[in-house]
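First the structure, in the form of structure tokens, and then the observations on it.
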Amino acid sequence: MNQHVTHGESDWFTHGLPGLHRKIDAILKRQRKEYGDYYYFYGQPYQALSILGVYGERSTEERFEAYGLRELIKPTDRVLDIGCNCGFVALYTSFRTGCRADGVDINPYMIEIGNLCAEYLRVDDRVKLTAARIQDYEALAQYSVLFSFATHWTDDENYRVPLREHFERCAAYLEAGGLLVFETHAADVGNEAFYEAIKTFTDIFTVESKRDTDKGERHLYLFRRV
Ligand SMILES: C[S@@+](CC[C@H](N)C(=O)[O-])C[C@H]1O[C@@H](n2cnc3c(N)ncnc32)[C@H](O)[C@@H]1O
């Protein structure tokens with residue numbers, strides 16, 4: 001006899017999606033009406049999360065694989081994602097690896113979407129997403145890994161600090177020997193001033209690796225906290 005139960009616990013993942021999408025649409029509608037600030041990608045999330053069918057500009061699953069996060073992140077890691085947008089990279093990394101992850105972004109609507117998705121994926125017990133400015137964020141822990149993806153300066157101009165200040169902030173969140181996974185902007189590629197600045201941070205970080213991502217449009221660096 002077929003014991004499979006539909007619309008019940010065994011199928012929550014699929015059957016709940018239309019409800020999740022309705023909630024996300026309502027949040028995006030509110031963002032368009034209420035958020036005076038610049039928003040990315042025509043008011044859609046900057047990040048996509050295909051596993052939940054959430055539309056956005058950049059694929060979380062692709063970045064997770066391309067950046068080697070499956071190999072880099074261990075279940076015992078505690079990750080902080082700064083300027084995390086919906087926090088999809090943080091929560092998907094937690095979903096795939098079992099690590100704990102915190103995220104912070106200035107946009108409360110993106111954080112609301114991220115928290116809904118974390119709850120949906122049942123990782124909300126180990127993922128905490130907070131709406132705050134990076135400059136004001138009070139760390140919940142000393143982190144073993146920090147993600148800084150396309151966030152060392154922002155198009156919305158809510159974060160424009162000298163590069164040195166950004167790296168010092170990252171270092172302060174990390175334990176000694178911690179890992180900074182750093183994605184550049186496209187504008188940094190080929191920018192000699194950027195490369196020269198990176199070379200002056202050897203008192204706080206050593207460069208473990210550097211490679212191209214996004215078809216050569218960006219770099220991905222791994223830095224180790226001294
Ligand atoms: C280009 S997006 C990058 C998002 C994410 N790191 C990624 O790569 O998928 C920049 C993000 O930084 C956020 N942001 C801008 N200024 C911020 C600030 N002062 N504090 C926290 N987040 C900020 C924006 O809301 C946006 O989600």
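These numbers were taken from a predicted model, which means no experiment stands behind them. Both ligands and their constituent atoms are indexed starting at 1 by order of listing.
- Note: Phe167 and Phe205 have perpendicular aromatic rings, judged against thresholds of 30 and 60 degrees for the angle between ring planes.
- Remark: aromatic rings of Phe149 and Tyr67 are close, center separation under 6.0 Å.
- Here the heavy atom of the protein found nearest to atom 20 (N) of ligand 1 is Ile134 N, 2.8 Å.
- Atom 5 (C) of ligand 1 has as its closest protein heavy atom Gly83 O, 3.2 Å.
- Looking only at heavy atoms of the protein, atom 13 (C) of ligand 1 is closest to Asp105 OD2, 3.2 Å.
- The nearest protein atom to atom 1 (C) of ligand 1, hydrogens excluded, is given as Ala150 O, 3.4 Å; this is a heavy-atom distance.
- Ile106 CG2, 3.5 Å is the protein heavy atom nearest to atom 23 (C) of ligand 1.
- Here the two rings, on Phe41 and Tyr46, have centers that are 6.0 Å apart or farther.
- The aromatic rings of Phe182 and Phe223 stand perpendicular to each other, their planes meeting at an angle above 60°, with 30° marking the opposite boundary.
- Asp25 and Arg22 are not joined by a salt bridge, as no carboxylate oxygen comes within less than 4.0 angstrom of a charged side-chain nitrogen.
- In the vicinity of Gln47, heavy-atom distances shorter than 4.0 Å reach the ligand 1 atoms 5 (C), 7 (C), 9 (O).
- Atom 8 (O) of ligand 1 has Arg63 NH2, 2.7 Å as its closest protein atom, hydrogens excluded (heavy atom only).
- Not less than 6.0 angstrom separates the ring centroid of His152 from the ring centroid of Tyr159.
- Side-chain polar atoms of His219 and Asp212 form a donor-acceptor pair below 3.5 angstrom.
- For atom 10 (C) of ligand 1, the closest non-hydrogen atom on the protein side is Tyr40 OH, 3.7 Å.
- Annotation for ligand 1: atoms under 4.0 Å from non-hydrogen atoms of Asn85 are 4 (C), 27 (O).
- At least one heavy atom of Gln135 sits closer than 4.0 Å to an atom of ligand 1.
- The single protein non-hydrogen atom nearest to atom 15 (C) of ligand 1 is Asp156 OD2, 3.1 Å, given as residue, atom name and distance.
- At a heavy-atom cutoff of 4.0 Å, ligand 1 is contacted by the backbone of Ala132 but not by its side chain.
- Note: no N/O pair closer than 3.5 Å links Asn107 and ligand 1 by distance alone.
- Counting heavy atoms closer than 4.0 Å to ligand 1, residue Phe149 contributes atoms from both its backbone and its side chain.
- Among Asp102, Asp105, Ile82, Ile106, the one residue that satisfies the side-chain contact (heavy atoms from CB on, under 4.5 Å) test with Tyr137 is Asp102.
- Between the side chains of Thr206 and Arg224, no donor-acceptor pair is found at a separation under 3.5 Å.
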